[in-house]
Protein chains: 2
Amino acid sequence: MIDVAREAGVSAMTVSNVINGRPGVSAETRLRVLEIVSKLGYQVNLAARNLRAGRSGAIGLIVPDIDRPYYAHLAGRLAAGLERRGLHLVVERTGGDAERELEALSYGRLHRYDGVIVSPLRVAAGDLDRLRFDTPVVFIGESPVPTIYDHVMMDNVGGARAATRHLITTGSRRIVIFGGRRELDVDDMPSLRTRGYLEAHTELGVEVDEQLVVEVESFDPGTALRAIKELHAAGIEFDGVFALTDAAAMGVLRALTDLGIAIPHDVQVVGFDNGTETEFLVPRLSSVEPGNDAMAERVLELLERRISAVDHPDDPPEAVTTVVNAQLVLRETTR
Amino acid sequence: MIDVAREAGVSAMTVSNVINGRPGVSAETRLRVLEIVSKLGYQVNLAARNLRAGRSGAIGLIVPDIDRPYYAHLAGRLAAGLERRGLHLVVERTGGDAERELEALSYGRLHRYDGVIVSPLRVAAGDLDRLRFDTPVVFIGESPVPTIYDHVMMDNVGGARAATRHLITTGSRRIVIFGGRRELDVDDMPSLRTRGYLEAHTELGVEVDEQLVVEVESFDPGTALRAIKELHAAGIEFDGVFALTDAAAMGVLRALTDLGIAIPHDVQVVGFDNGTETEFLVPRLSSVEPGNDAMAERVLELLERRISAVDHPDDPPEAVTTVVNAQLVLRETTR
DNA sequence: ATGAAAGCGCTAACAT
DNA sequence: ATGTTAGCGCTTTCAT
C-alpha cells in the first residue's frame, strides 16, 4: 500500500480511503490511485486489515462431517448466502466426537471467527450450558440446545407425525420405525422423530408394537439393509417402514427388493430429508422435506443479527429458537 | 499476551517463547507462564501472528460446488488430511462459472492462503497459462491444465476403457455413452472418457454408432432420465449404457425401469465415481472407482512439497502430473 | 535466560 | 481534501 501511495504521490491513508470507497477523496486523486493500484496489482493484506479491525471475515461451520449429503447441502447454501454478505465459510469437522465438538467451541477457537454456526451431535446440553463465549453463535440441528442460544431446527416431531399419519391412513397398521428409540429420555433427533411416530399412532388409535421400533447405531444404508433382513428372518411382520433418514430408506428399499416384497403394495416406505436421490430411486422414495433451504436462510439472518449486535454488548438480542416447517412429499413408495 | 506477561512478571517475548515451545526459557518460568495463560484463558491472536509471519494457516479449496457428492467427499478427505498437518480448509465455490474461477485464481485472492487446491471446470487451459502467482497451487480434476502446474487427475481414459471393454466382452454391441462427446477437440472429462469408450471399441473390433453418443449439458439424474426416454422413443436400439457419472447412471436406471427394460438382461449399465449410493440402488450399480482417496492424499503431498519450497524460490520443485489408477467395480447392472 | 525495540500492513482519530 | 500519529498483537533481531 505504501508503494501505491508513493507512486501516486499521496499518503497511505488516501489509498486506504480509495480502496474502501470512503468519501473525502477528490475524483482526480481517486482515479490516479486506482490506476496505480491496478498497475502494481496491489491487493489489501487481509491479515493486517483483520488485525486492525479485530475481525476475520470468516464464519465457522462446525459439523460432524461434510462428506454427507445433509451437511454438504447445508454448507453449500450457507457458503452462498455468506458470499452475498461479503463473508466466507470455513468448515470444521469434528467427526461427531463429543470432545472435539467441545474443543471447537472453546473460547479461543471461536475467536478465530466473526461468527460460528454449530451443528452439535454428541455434546450434552449441560456441557453447552457451561460454555462461555462472546462470539456470535447460532446452533443448528436436532440436538437439544440450551434456550439461551439462538437455535434453528427442523420440525422433527411434526414431520415424523405427518409421515406416520399418512402411512396409517393409507392402511398400514404395523409400521417399522427404523432408527427409532424405545426410551425418549433425551431430545435428540431419533427421539423427536419417534415422538412424532407415537403421536400419530395415538391420534389415530393404532397400537404400537415395541418390536417395530428398531434401534440402530448408524443410519447408513448398509445397516438398514441388514436390519430389515433380520426383522424379516425373525418372522416379525410389518406393512410400513418409516426410516429416519433417506440414506437408511435407501437400504430399506434395497432389502425389501431383495426379499421380493412389493413396494408400496405390501410395504410402504417413507424417508426423511427429501434428498436429491429420492426422485431417482426405484421406486421413487416418498420423504419428509425438512425445509433445509429455509433453515440456512434463517441461520444467516440470526447470525447477522448477532454479529451486528457485537458493538452493543450492553443489550444483546434475545435468544430465538426457530422451528422450520417440514412437509411430506409423496412419491412411489407410498399409496 | 501483554496481560499474561505482566501477570507473570516477564516480557511478552518470553510468553511468546513459551507458547511456541521455543527453547531458552527456564523450566520454572515456563511453568509459571503456562499457569497464567490457562488462568487468563489466553489465546494467540491468529491475525496478528499471520500478519507477522506472512502466512494464514489456511488452504483454499476452489471448486464449482460443494453440494455434490464428488466435491463433498473430496473436501472431507482434504480437510481431514490438512487438520493432521495443522492447517485448515477454506472452501470457495465458483458455481462452475469460468469468470469466477479466474477471479478466484487472481494473484490477490490466492494470497489469502498458504496454498490452494483448484478443481477448474470451465477455465480454458490457455487462460490458466496466462496466470501469474507465487502461491503454491495444485490442480485437481479432469480439465486440461498446463503442465507447468502440479496436477492430480484420475485415469479417465483407462477407467472408461475398462468399463466399455467389460460391456463389450459380456455381449453388448450397441453401447450408449451418456454424456459423451462427438468432437474430441479438448481434453475435458467427457472427451477423455469418450476416448476410453472409443479405444475399447477399436481394440475389440466393434463399430461405434454415432447415434449412441449422447451429448448433454448436465449430468444430473433428471437429464439422464429424459435422454434415455427420448432415445427409446426415437426407436434407437441399445443394449448397454456407459454413464459418465453415477448421478447420471441413477437417472438411466430409473428410465430403464420405467420403460420396463430388464437390467442387466436387456441393457447393461455402468456408472463412474463408485459413490456410496451405488451399493443401494436397485439394481446395484456397477461403476468405475476413480481412486478419490488416493487422489486427495496425493494432492496434499504435492501441496506440502510446494509449500515447504516457498522458502527457496530459487529452485522450485518440478511440476508433477499424477494419474491415479481407476478400477471397475462390478455389481448387478452388468452381466 | 530474558528483554527492548522495531515493524508486519492496515485504518480510526485527529490534525491541517 | 489530504496527511500524521498511533497502535492492533505478534515475533525477529539484537542486546543484556
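To find a chain, count down the sequence lines: A is the first, B the second, and so on, and within it residues start at 1.
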Distance-only, no hydrogens or angles: does the Glu101(A) side chain make a donor-acceptor pair with backbone N or O of Leu121(A) under 3.5 Å? yes
Please state whether the rings of Tyr149(B) and Phe139(B) are parallel, tilted or perpendicular, taking 30° and 60° as the class boundaries. tilted
To the nearest Å, give me how far apart CD (Gln43(B)) and C1' (dC8(D)) are. 18 Å
Of Ala48(B) and Ala53(A), whose closest DNA chain C nucleotide lies nearer the 5' terminus? Ala48(B)
Does a donor on one side chain and an acceptor on the other come within less than 3.5 Å for Tyr113(B) and Glu92(B)? yes
Where along residues 22-32 of chain A does a heavy atom fall under 4.0 Å from DNA chain D? Gly24(A), Val25(A), Ser26(A), Thr29(A)
What's the closest nucleotide to the Ser16(A) side chain, out of dG3(D), dC10(D), dT11(C)? dT11(C)
Once you round it to whole Å, what is the distance between P of dC8(D) and CZ of Arg52(A)? 8 Å
Can you tell me the distance, in whole Å, between the CD1 atom of Ile19(B) and the P atom of dC10(D)? 7 Å
So does Glu301(A) pair up with Arg298(A), basic N to acidic O under 4.0 Å? yes
Among dT12(D), dG9(D), dG3(D), which nucleotide sits nearest the side chain of Leu51(B)? dG9(D)
Determine the contact category for Asn50(B): base if any of its heavy atoms lies under 4.0 Å from a base atom, sugar-phosphate if only primed atoms, P, OP1 or OP2 are that close, otherwise nothing. nothing
Closest nucleotide among dC10(D), dT11(D), dC10(C) to the Asn45(A) side chain: dC10(C)
Say whether, by atom type as modelled, one donor and one acceptor occur between the side chain of Ser119(B) and the main chain of Gly141(B) under 3.5 angstrom. no
Using whole Å, what does the distance between atom P of nucleotide dA4(C) and atom CD1 of Ile2(B) come to? 12 Å
From CZ of Arg55(B) over to C1' of dG9(C), roughly how many Å is that when rounded to an integer? 18 Å
Does Asn45(B) use its side chain to pair, donor to acceptor, with the backbone of Ala48(B) at less than 3.5 Å? yes
What nucleotide among dA6(D), dT4(D), dC10(D) has an atom nearest to a side-chain atom of Ser11(A)? dT4(D)
What nucleic acid atoms does Asn17(B) come within less than 4.0 Å of, heavy atoms only: base, sugar-phosphate, or nothing? nothing
What nucleotide, of dC10(D), dG9(C), dT2(D), holds the atom closest to the side chain of Arg49(B)? dC10(D)
Counting only side-chain heavy atoms from C-beta out, which of dC8(C), dT2(C), dT2(D) sits nearest to Thr14(A)? dT2(D)
Glu83(B), CD atom: more than 12 neighbouring heavy atoms under 6.0 Å: yes
Ala12(B) side chain: which of dT11(D), dG3(C), dC10(C) is closest? dT11(D)
Would you mind reading off the distance between Met13(A) atom CE and dT11(C) atom P, rounded to a whole angstrom? 7 Å
